[in-house]
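Structure first, then comments.
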Amino acid sequence: MAKRVLAILLIGLLALSSCVALADTAEDRDAIIREKAKLTTKVERLTEEPVTLTLWADTKNNGAVGTLMEKLDDMEMLKAMEEKTGVRIECITPPVGEDETAFSLMLASGKYPDIIIGFHNYYAYSGDTAIEEGIIVNINDLLDYAPNYKAAMEASEFRTKSVITDEGNIPYIAMPIVADEPGLNVGGPIIRKDLLAKLGMDMPTTYDELHTFLTRCKEELGLKRPMALDSNGASKYDGLTAGFGFHLKNICTTHAFYMEDNKITYAPLTDGYYEYVSTMAQWYSEGLIDPDFASVVTFDDGVAMITSGECAYSTDHSGIVGMYNSVGKTLNPDFEFGIAPIPVRNAGDKVHIGSSSGATCYSAAAISTTCANPELAMRYIDQWFTDEGFMMANYGVEGVTYEMVDGMPTYTDFVMNNPDMDSVAILSAYATPVTWFSEYVGCRDISDATREVTGIWDEQNDSVGVIPGAVTLNSAEKETYGDLYSEISSYVEEMTVRFIMGLEPLENYPTFVEQLRALGAEEAIGAYQSAYDRYLSR
């Protein structure tokens with residue numbers, strides 16, 4: 001069956017019970033996991049009489065729903081937590097593709113579930129507005145019921161800024177991720193190491209060296225589509241664009257803005273973007289880029305392309321490399337993708353655009369004002385921030401999905417070598433879905449490729465150009481941005497593809513820029529600039 005992965009594989013904050021430590025390397029992360037595996041803080045019984053809390057969440061990125069389990073309620077971690085706490089979670093999930101409509105109808109009814117996962121993704125205004133309108137509660141008023149969560153959020157000033165709004169409210173329970181600023185990178189270039197060895201080449205580090213590698217793959221090895229591009233002409237996780245100095249496509253963000261000297265910038269208005277599309281247009285004309293890249297639109301399309309044997313270079317999440325290799329080796333035992341440096345103009349250049357989104361905390365959930373017992377809801381959420389809750393959320397059931405080896409949780413063959421289901425989909429049935437109120441460990445399969453990231457992408461990247469994920473638009477800015485950016489983004493995606501494929505002459509770039517300004521690009525930039533200025537003064 002077709003394998004599926006979560007849209008985002010998350011890297012998590014790991015807080016020690018005695019003192020909160022921030023992991024900056026894979027080794028630090030492993031040390032903290034060992035401490036948490038000792039279960040110093042444990043899940044508590046919250047009620048003697050069974051209590052049910054309702055929870056709203058979409059399932060569009062959960063590979064286990066409809067395969068390993070019928071509904072979210074069937075997650076093994078929820079069953080285990082219910083047994084320990086006495087609190088049952090009843091999940092309310094909209095049909096896939098109808099989540100936005102279902103969310104709007106829920107708000108219109110005035111009858112909300114107790115806990116709403118991903119509220120900020122669907123609500124059109126700011127968290128402050130949602131509190132003011134009486135839809136969700138201010139978590140600030142409930143922190144005394146959640147000592148474990150509070151400790152995690154107070155681990156650094158950066159984390160505190162991530163959860164507190166410009167008005168001083170806390171609208172959402174956060175999902176902490178592993179490193180403090182600038183954060184670990186989760187995606188970037190990957191390369192066929194076996195083909196490098198076959199050609200007798202060193203790892204390419206510059207665009208010129210990458211061009212040579214791709215050319216030799218085409219001319220000497222007969223590859224018909226040496227490099228993959230995202231269907232919109234960019235590269236996933238900014239793996240090809242960061243070396244030209246800009247952010248354009250990152251699955252961790254919903255916008256394409258980045259910073260230069262504390263000023264919000266939009267790539268298509270810069271020389272770096274022009275240099276990128278010019279370079280890609282040349283490579284496309286030389287047959288170095290998949291000629292059908294614009295048609296690779298689904299995950300399965302991408303897997304087929306990367307594992308076809310025709311592709312030697314792409315950009316992706318480090319956690320998916322193991323899956324690519326397992327599929328590729330069925331046809332070629334030498335098939336091996338590995339982590340590659342982000343290409344740069346000149347050897348030794350640093351890049352400033354990372355794939356961690358600049359956030360240590362994602363907004364995971366909100367507690368609604370119609371929750372009959374918000375204190376109990378907060379106490380329940382806090383159990384996921386204990387050491388025992390951490391193990392359940394990240395590793396599932398001991399003896400089934402993981403075993404302890406030398407003090408370290410290690411996934412079993414049931415997870416890592418299951419012939420019928422991808423490891424991430426299995427963990428979505430036994431552990432956390434894509435978004436949850438819990439601390440997270442990174443790249444769940446803990447593969448060698450995951451550890452390579454620290455020594456390659458992270459050392460190369462200072463991430464100073466990444467807008468912190470905690471920068472939030474107020475209602476007026478959201479309205480301005482919402483009115484403008486969708487059309488701007490669609491236009492940029494269309495024109496990027498056209499420039500690269502030679503369907504639009506590069507001589508028309510000035511006209512492209514003029515049209516962007518006419519569509520309100522500078523007003524959209526201004527919305528984020530004012531939000532960033534407020535963030536700095538929190």
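Note that the coordinates shown come from a computational prediction; the quantities given were computed from them, not determined experimentally.
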If you count heavy atoms of other groups shown closer than 6.0 angstrom to CD of E375, is the number above 12?
yes

With a 3.5 Å distance limit and no angle check, can you tell me whether D114 reaches the backbone of T54 through a side-chain donor-acceptor pair?
yes

Please tell me if the side chains of P374 and L142 come closer than 4.5 Å, counting only heavy atoms from C-beta onward.
yes

Whether T47 side chain and G86 backbone form a donor-acceptor pair below 3.5 Å:
no

Measure the shortest side-chain to side-chain distance between M175 and S438 over non-hydrogen atoms and say whether it is less than 4.5 angstrom.
no

Atom CD1 of I306 and atom OG1 of T315: how far apart are they, to the nearest 0.5 Å?
8.0 Å

Look at the aromatic rings of F119 and Y172 and report parallel, tilted or perpendicular, splitting at 30° and 60°.
tilted

In plain terms, say whether K236 and D316 are close enough for a salt bridge, that is, a side-chain N and a carboxylate O under 4.0 Å apart.
yes

Rounded distance (nearest 0.5 Å) linking atom OG of S463 with atom NE2 of H247
12.0 Å

Flag side-chain contact, heavy atom, 4.5 Å: V351 against V344:
yes

Check whether any side-chain heavy atom of L78 lies under 4.5 Å from a side-chain heavy atom of D73, and answer yes or no.
no

T370/K111 under side-chain contact (heavy atoms from CB on, under 4.5 Å): CA gap, chis, key distance, verdict
CA-CA 7 Å; T370 58; K111 298 178 181 179; 5.9 Å; no

So which atom in F335 and which in D194 form the shortest heavy-atom distance, rounded to 0.1 Å?
CA-OD2, 3.8 Å

Under 4.5 Å between any side-chain heavy atoms of F257 and Q529, yes or no?
no

Measure the shortest side-chain to side-chain distance between I264 and M259 over non-hydrogen atoms and say whether it is less than 4.5 angstrom.
yes

Donor-acceptor contact below 3.5 Å, side chain E76 vs main chain A431
no

Closest heavy-atom pair, E82 versus R45, reported as atoms and distance to 0.1 Å, is O-NH1, 4.3 Å

Does the pair R379 and D382 meet the rule for a salt bridge (charged side-chain N to carboxylate O under 4.0 Å, His left out), with working shown?
CA-CA 5 Å; R379 290 177 65 203; D382 193 52; over 6 Å; no

Side-chain donor-acceptor pair under 3.5 Å between N148 and T386, yes or no?
no

Is a donor on one side and an acceptor on the other found under 3.5 Å between the side chain of T93 and the backbone of T59?
no

Is the side chain of N140 donor-acceptor paired with the backbone N or O of I170 at a distance under 3.5 Å, no angle test?
no

Take a 6.0 Å sphere around CD of E133 and say whether it holds more than 12 heavy atoms from other residues, nucleotides or ligands.
yes

What distance separates M77 CE from Y430 OH, expressed to the nearest 0.5 Å?
14.0 Å

Is there a salt bridge (charged side-chain N to carboxylate O under 4.0 Å, His left out) between D166 and R534? Walk through the geometry before answering.
CA-CA 7 Å; D166 302 317; R534 280 197 314 278; 2.8 Å; yes

side-chain hydrogen bond (donor to acceptor under 3.5 Å, both in side chains), that's the test. Do E477 and S530 meet it? Break it down for me.
CA-CA 8 Å; E477 291 159 352; S530 58; 2.5 Å; yes

Within a radius of less than 6.0 Å around NZ of K42, do more than 12 heavy atoms belonging to other residues, nucleotides or ligands occur?
no

What do you reckon, is CZ of F414 surrounded by more than 12 foreign heavy atoms closer than 6.0 Å?
yes

So I367 and I136, side-chain contact (heavy atoms from CB on, under 4.5 Å) or not? Walk me through it.
CA-CA 6 Å; I367 297 176; I136 62 176; over 6 Å; no

Nearest heavy-atom contact between L427 and N394 is CD2-O, 4.3 Å

Would you call the rings of Y395 and Y402 parallel, tilted or perpendicular, where under 30° means parallel and over 60° means perpendicular?
tilted

CE-CZ distance between M404 and R34, expressed to the nearest 0.5 angstrom
8.0 Å

Would you indicate whether the side-chain heavy atoms of T160 and M153 approach each other to under 4.5 Å?
no

Tightest non-hydrogen contact, residues N461 and I353, listed as ND2-O, 2.6 Å

Look only at the side chain of N169 and the backbone of I131, and say whether a donor-acceptor pair between them is shorter than 3.5 Å.
no

Kindly indicate whether a cation-pi arrangement holds for K36 with F390, taking the cut-offs as under 6.0 Å to the six-membered ring centre and within 45° of the axis.
yes

Within-4.5 Å side-chain heavy-atom neighbours: V397 and M392:
no

Given F385 and Q383, is the side-chain contact (heavy atoms from CB on, under 4.5 Å) satisfied, shown in steps?
CA-CA 5 Å; F385 290 86; Q383 302 313 301; over 6 Å; no

Ignoring hydrogens, what is the shortest heavy-atom contact between A340 and W457? Give both atom names and the distance.
O-NE1, 2.8 Å

Verdict with reasoning, T330 to T307, per side-chain contact (heavy atoms from CB on, under 4.5 Å):
CA-CA 10 Å; T330 61; T307 61; over 6 Å; no

For the atom pair OG (S104) and CD (E98), what is the distance rounded to the nearest 0.5 Å?
12.0 Å

When rounded to the nearest 0.5 Å, the distance separating CD of E90 from CG of L53 is 10.0 Å

Does E398, at its CD atom, have more than 12 non-hydrogen atoms belonging to other residues, nucleotides or ligands within less than 6.0 Å?
yes

Check whether any side-chain N or O of N418 sits under 3.5 Å from a backbone N or O of V415 as a donor-acceptor pair, and report yes or no.
no

Backbone N or O of G134 within a donor-acceptor pair of the T369 side chain at under 3.5 Å?
yes

Main chain of D99, side chain of D58: is a donor-acceptor contact present, judged purely on distance under 3.5 Å?
no

Which word best sums up how the rings of Y535 and Y532 line up, parallel for under 30°, tilted for 30 to 60°, or perpendicular for over 60°?
parallel

Suppose we screen for side-chain hydrogen bond (donor to acceptor under 3.5 Å, both in side chains). Which residues come up paired with E388, at least two apart in sequence or across chains?
K84

Should the pair F337 and Y324 be assigned to parallel (<30°), tilted (30 to 60°) or perpendicular (>60°) ring geometry?
tilted

Is a donor on one side and an acceptor on the other found under 3.5 Å between the side chain of S235 and the backbone of L240?
yes

When every non-hydrogen atom of K478 is compared with those of Y125, the smallest separation belongs to NZ-O, 2.7 Å

